[in-house]
Structure formats: C-alpha cells, structure tokens
Protein chains: 2
Amino acid sequence: MLETTNERAAMPAVPAATGRSTSNGSAQRRRAGRPSAALLDKAGITAAALELVSRKGYEGLTMAALAKALDVAPSALYNHVASKQDVLLLVEDHLMSLVDVSGFEAGPWEDAVRTWAWSYRDVFAEHTPLIPVIAVLPVTDAPQTLAMYETVSKGFSDAGFPQERIVPAIVALESFIFGSAYDVTAPEDIFESGSMADSTPHFTAAVHSSAASGAAGQAGKEGGRQADTAFSMGLDALVSGLGALRGRAEYL
Amino acid sequence: MLETTNERAAMPAVPAATGRSTSNGSAQRRRAGRPSAALLDKAGITAAALELVSRKGYEGLTMAALAKALDVAPSALYNHVASKQDVLLLVEDHLMSLVDVSGFEAGPWEDAVRTWAWSYRDVFAEHTPLIPVIAVLPVTDAPQTLAMYETVSKGFSDAGFPQERIVPAIVALESFIFGSAYDVTAPEDIFESGSMADSTPHFTAAVHSSAASGAAGQAGKEGGRQADTAFSMGLDALVSGLGALRGRAEYL
DNA sequence: GCTAATAAATGAATGGCATTCATTTAGTGG
DNA sequence: CCACTAAATGAATGCCATTCATTTATTAGC
C-alpha cells in the first residue's frame with residue numbers, strides 16, 4: 001500500500017499553496033521540516049483529544065490516533081506535550097471549565113453546593129479514566145481547575161465557613177463526587193449475586209428491594225437510576241452535615 | 001544469551017526429581033509439556049501478584065513479571081486466568097477479606113460504620129489502581145466481596161434501616177471511601193497555587209489556613225494528614241446524615 | 001543582512017506490553 | 001489402551017508510548 005519512495009526528489013519547489021485543499025481528509029504527504037505555519041498547539045491538541053474520546057472512548061485515545069486526527073506524525077505531538085499524561089492533563093483542565101459554579105455567586109450555600117456537585121459528577125462520569133489523574137494533579141498546572149476552586153472557596157467563605165475547614169470540606173465533597181462518578185458507569189446488574197444468593201440473604205433482599213423501588217421506568221444497561229438515588233442520599237447527608245460545621249471548632 | 005537449541009534431544013528422561021532444589025531462584029530450564037504436579041493455581045497467582053505489588057507497585061505488576069515470580073512462562077498464566085484484568089479481580093477480592101466488618105456483629109451502628117469505613121479506605125489507599133476495577137466488578141465473581149456486603153447489609157438492617165435504603169446508603173458510603181482512598185496518595189503540596197496565587201486569594205488563604213491547623217508534626221511527602229482530616233469530616237457528616245434516614249420515607 | 005540558535009515537522013527505530021498459537025508432555029475416563 | 005483434556009514451553013503478533021536523527025523554517029544577535 002505505502003508507495004515506494006520517490007516523490008521526494010521529484011517536484012523540487014512546488015509552493016504547495018495553502019496546504020491540503022483537496023478536501024480529502026488526510027492524504028497528500030507533507031514533506032519533512034518545519035512548516036510555515038505551525039500545525040499544532042495545546043488548544044488544538046486538547047480539542048482533538050476531546051473529540052476523539054467522545055467518538056471512540058478512552059481506549060481509542062492513543063498518541064497515534066490523536067496524531068492521525070490532527071493529520072500529523074505521532075512524534076510531532078512531543079514538540080508540544082511531554083507525554084500522554086500531559087494530554088490527559090489538558091483534557092482534564094478543560095473539563096473543569098464545564099463544571100457549573102454559578103450557584104456560588106448568589107443564593108443559598110446549600111443550593112450552590114448541590115448544583116456544583118451534580119454538574120461536577122455528571123462531567124466526570126463520562127471521563128472516569130481522568131479521575132486517577134486529577135487526584136494527583138498539582139493545581140499549578142491547571143488554571144481552569146484553580147479557577148473553580150477559587151469560586152467554590154469564596155462561596156464557602158461567604159457562607160460563613162471558618163478558613164481552616166474550607167479545604168477539608170471541599171476535599172470531602174470531591175471524594176464523594178469522584179467515587180460517585182464511577183457508579184454511574186457501573187452496569188445495572190452489578191449487585192446480582194447469582195448462584196450464591198442463598199448464602200447472602202440480607203444483601204440479596206436489600207438489592208431486590210432497592211431495585212424494585214427505584215426502577216419504575218425503562219431498564220437501560222447503565223446504572224444511572226440507582227447511582228442517582230445513592231448520590232442524592234449521600235449529597236443530602238454531606239450538605240447538612242458539613243453545613244452544620246459553620247460555627248464551632250472541632251477539626252484542628 | 002539464550003543458548004542455541006540443543007538440550008531438547010539430549011537427556012531423554014531424567015526424572016528431574018522434585019523440581020528446583022538447587023536453591024538458586026529461577027535457573028534450571030524446565031522442559032516443555034505438562035508437569036507431573038501443577039505449578040499454578042488461582043490462589044498462588046493471587047499471592048504472587050500481591051507480593052509483587054507490595055514490592056514493585058502496580059507498574060511492576062506485568063504478566064511477564066508475575067510469570068517470572070512464579071517461575072513459569074508468561075503464557076502459562078493463561079491456562080488459569082483469562083486476562084490481566086482477571087488477575088486484578090482475584091487481587092481485589094482477596095483484599096476485601098481484609099476489610100474490618102467486625103463492628104457490625106455487636107455495638108452501635110455508628111461505630112461499626114466508622115470502623116468499616118476507615119479500614120476499607122486504608123486497604124484501598126494502597127491499591128488505588130484497583131478502584132476502577134471494583135466499580136464495575138459484578139459481585140458474582142467475587143465471593144469475599146459478596147461476604148462483606150452481606151455482613152454490612154445485615155448490620156444496616158439490624159440497625160433499623162428500611163430495606164430499600166440499604167443499598168443506596170452503602171453505595172454512597174463506598175463512593176466516598178473510594179474517592180478518599182485517592183486523596184491519601186496525593187502529594188501534600190497538591191493545592192499549592194504557585195505563581196497564580198494572586199488571582200486566587202480565597203483559595204490560597206484557605207489552603208494555607210488548613211495546612212497550618214493540621215500539620216503540627218512532621219512533613220512527609222504523602223498527604224496523609226490532610227486526607228485524614230477531610231475523611232473524618234466527611235464520614236461524620238455521612239454517618240449522621242444517613243443514620244437519620246432510619247425511619248421516614250423519602251427516597252423512592 | 002548574515003548567521004547561529006531554536007522551533008516544528010517527518011520517519012524510522014526501540015522496547016515493553018498483553019495476548020495467541022503451535023507444540024509437547026502428562027494425567028484421566030471410557 | 002486410547003482419545004481427550006489439562007498444563008506447561010517458546011515463538012510469534014500487534015499495539016503502544018516514546019526517542020532520535022534529520023529536514024526545514026523562523027527568529028535573535030551581531
């Protein structure tokens with residue numbers, strides 16, 4: 001398939017005009033060397049990575065596939081990012097800008113936290129492979145992430161939280177949110193005990209009883225319904241429990 | 001290095017005695033074909049995987065390394081497990097047996113949940129790469145996991161939880177636990193905003209204030225201290241919030 | 001305006017990885 | 001006794017991230 005090496009010596013200085021206008025997606029070998037206008041930058045890489053993920057999922061996000069989407073050789077990416085992890089960081093930071101923090105600008109703290117938490121969970125439920133990345137990511141390298149924390153911190157502060165409790169409270173909420181994002185992707189029948197149901201009567205009964213009360217509607221494969229119930233319960237508990245901390249001092 | 005193909009025809013039927021007693025770890029080429037006594041089984045594979053992880057971490061857990069630890073060719077593993085994911089499942093289920101559910105057999109529900117949650121978090125803080133695996137793992141394939149759920153479910157039931165709220169409550173707690181396990185592994189300075197500190201005054205102040213109140217002692221690299229504070233706060237909130245659900249009906 | 005340094009691309013390795021397959025040998029059931 | 005199955009070896013296979021030498025273009029300094 002790959003044609004056998006000529007075309008390099010041939011046609012010495014065709015200006016090549018404005019790149020590929022032939023409307024076919026990718027053909028048209030580009031010759032080596034720095035192009036007049038740069039083909040890549042971080043924003044473009046981020047956008048291509050996001051689009052690739054939305055089409056093929058995270059298994060489909062390989063450096064080779066990303067390069068192909070950008071019509072570039074894989075090694076070219078390394079002039080702009082140091083590693084694949086670096087690409088994931090770019091994606092992660094972009095996603096943070098999609099999290100809804102608008103509630104913190106007005107209205108009661110409880111409502112703001114709820115809005116923020118639900119949108120945060122929804123964004124990352126579609127991107128669970130990033131969660132291990134976030135958990136270790138220094139905020140310095142992530143301006144959008146930092147911006148989110150600033151807004152949320154201010155919201156907590158304005159709501160009367162003592163300084164030293166703001167970060168732990170946010171971390172606790174975030175932990176719950178990340179864990180809950182995984183739930184959304186779990187299969188609905190994950191708790192079906194099958195053949196060992198006899199030896200686990202309490203659990204089996206609990207599973208059936210919760211499935212019965214929740215699943216009035218359609219039975220999709222994704223465990224959205226169950227996950228939503230658990231998220232709602234946990235979030236209520238956290239909001240009221242953490243909200244009560246605005247006042248006395250215990251955690252120091 | 002690899003000696004060049006003889007030894008196959010040579011020495012036709014040396015009994016090979018009881019395998020490798022030469023006390024050197026691994027040398028002594030084994031000849032192909034089924035051995036008299038099986039070298040591998042799931043328990044052995046699980047144990048070797050755990051030991052390998054504790055020595056080299058999860059990056060060190062490769063099928064090749066696992067095979068070498070068991071003094072076996074990599075392909076031999078596939079007679080006992082279908083994939084590497086399968087190995088991770090075995091490890092995961094083994095770890096579940098280390099989670100402390102003893103509190104549910106006697107004493108107040110609140111204490112039992114706290115003991116369970118702390119030990120659950122501590123076990124998986126050392127094994128965060130398994131968390132994505134657990135989240136999707138059907139309990140049928142995981143007897144220890146199922147056993148844990150049975151004990152916990154019974155504890156909730158005995159404490160007066162209505163059937164249909166038991167599973168969501170456990171899921172909410174687990175979500176928080178998994179998310180918190182990641183925190184433990186995060187670097188202590190993850191929230192240092194560095195050069196952009198000026199543009200994030202509230203967050204920067206909150207970070208410094210929580211660091212000041214928590215870190216009276218030694219400054220290790222791992223964020224154990226901060227993570228513990230957040231976990232403690234969140235767990236208190238969840239325990240009191242969820243505990244209050246024993247009675248009225250709202251989540252159906 | 002020349003020239004050295006730097007930036008951005010290609011293309012050809014490299015090494016690690018999980019997994020598969022043909023082959024060999026040893027037990028097992030009819 | 002013989003066919004079948006189980007459990008091992010060893011040699012591929014294909015994918016993947018990353019590196020390196022090379023080519024070409026732009027930019028900074030004299």
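Below, read A as the first sequence line, B as the second, and so on, with proteins coming before strands; counting in each chain starts at 1. Worth saying up front: this structure is predicted, and the values here are computed from it rather than measured. Any value given below was found using the heavy atoms of this structure, including those in side chains, with hydrogens, waters and symmetry copies removed.
Near DNA chain D, defined here as any heavy-atom distance below 4.0 Å, there are no residues from residues 47-61 of chain B.
Distances were taken from every side-chain heavy atom of B:S75 (C-beta onward) to each of D:dT19, C:dT20, D:dA8; the shortest belongs to C:dT20. Side-chain proximity of B:A76 to D:dA17, D:dA8, C:dA9: nearest is D:dA8.
We find the CG-CG distance between A:L95 and A:L130 to be 6.0 Å, quoted to the nearest 0.5 Å.
Computed from coordinates, the A:I45 CD1 to C:dA8 C1' distance equals 11 Å when rounded to whole Å. In this structure, B:L66 places its CG atom 12 Å from P of C:dT19, rounding to the nearest Å. The separation between B:N79 atom CG and D:dT5 atom P is 15 Å, rounded to whole Å. Counting to the nearest Å, the C1' atom of D:dT18 and the CD atom of A:Q85 are 14 Å from each other. Distance A:Y78 OH to D:dC16 C1': 9 Å, rounded to the nearest Å. Between the NZ atom of B:K84 and the C1' atom of C:dT20 there is a distance of 18 Å, rounded to whole Å. Straight-line distance from the CG atom of B:L39 to the C1' atom of C:dA26: 12 Å, rounded to whole Å. Rounding to whole angstrom units, CG of residue A:D71 and P of C:dA8 are separated by 18 Å.
Counting only heavy atoms from C-beta outward, the side chains of A:L90 and A:V81 approach each other to under 4.5 Å. B:V171 has its side chain within reach of A:D183: a pair of non-hydrogen atoms, C-beta onward, lies under 4.5 Å apart.
Secondary-structure stems of DNA chain C, taken as three or more successive Watson-Crick or G-U wobble pairs (i with j, i+1 with j-1) under a 3.5 Å distance threshold, comprise C:1-30 with D:1-30.
Counting only residues at least two apart or on different chains, no salt bridge (Lys or Arg N to Asp or Glu O under 4.0 Å) pair has a member in residues 72-92 of chain A. Evaluation of the ring pair (Phe, Tyr, Trp, His ring centres under 6.0 Å) test over residues 45-91 of chain A, restricted to residues two or more places apart or in two chains, returns A:Y58-A:H127. Applying the salt bridge (Lys or Arg N to Asp or Glu O under 4.0 Å) definition to pairs two or more places apart or across chains, those involving residues 53-65 of chain B are B:E51-B:R55.
No donor-acceptor pair under 3.5 Å is formed between the side chain of A:R121 and the backbone N or O of A:F231. The closest donor-acceptor contact from the side chain of B:D41 to the backbone of B:G44 lies under 3.5 Å.
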Between B:T185 and B:T128, does the side-chain hydrogen bond (donor to acceptor under 3.5 Å, both in side chains) criterion hold? Intermediate values first, please.
CA-CA 8 Å; B:T185 75; B:T128 52; 5.0 Å; no

Please step through side-chain hydrogen bond (donor to acceptor under 3.5 Å, both in side chains) for the pair A:Y149 and A:E174, ending with a clear verdict.
CA-CA 11 Å; A:Y149 284 132; A:E174 258 188 327; 2.6 Å; yes

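Mapping B:P74 and A:L40 onto DNA chain C via the closest heavy atom, the residue that lands nearer the 5' end is A:L40.
Contact annotation: B:H80 reaches the phosphate of D:dA8 (side-chain N/O to OP1 or OP2, under 4.0 Å). At the phosphate of C:dT10, OP1 or OP2 sits under 4.0 Å from a side-chain N or O atom of A:R30. Taking only side-chain nitrogens and oxygens, A:R31 comes nearer than 4.0 Å to OP1 or OP2 of D:dA25.
Ring geometry for B:F203 versus B:F191: interplanar angle over 60°, hence perpendicular rather than tilted (30 to 60°).
Note on B:T62: only backbone sugar-phosphate atoms sit closer than 4.0 angstrom, heavy atoms only; bases stay farther off.
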Could you go through nucleotides 27-29 of chain C and list every protein N or O atom that sits under 3.5 Å from one of its N or O atoms, giving the distance for each pair?
{"residue": "C:dG27", "atom": "OP1", "partner": "B:S36", "partner atom": "OG", "Å": "2.9"}

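Between A:F124 and A:Y120, the distance from one ring center to the other falls under 6.0 angstrom.
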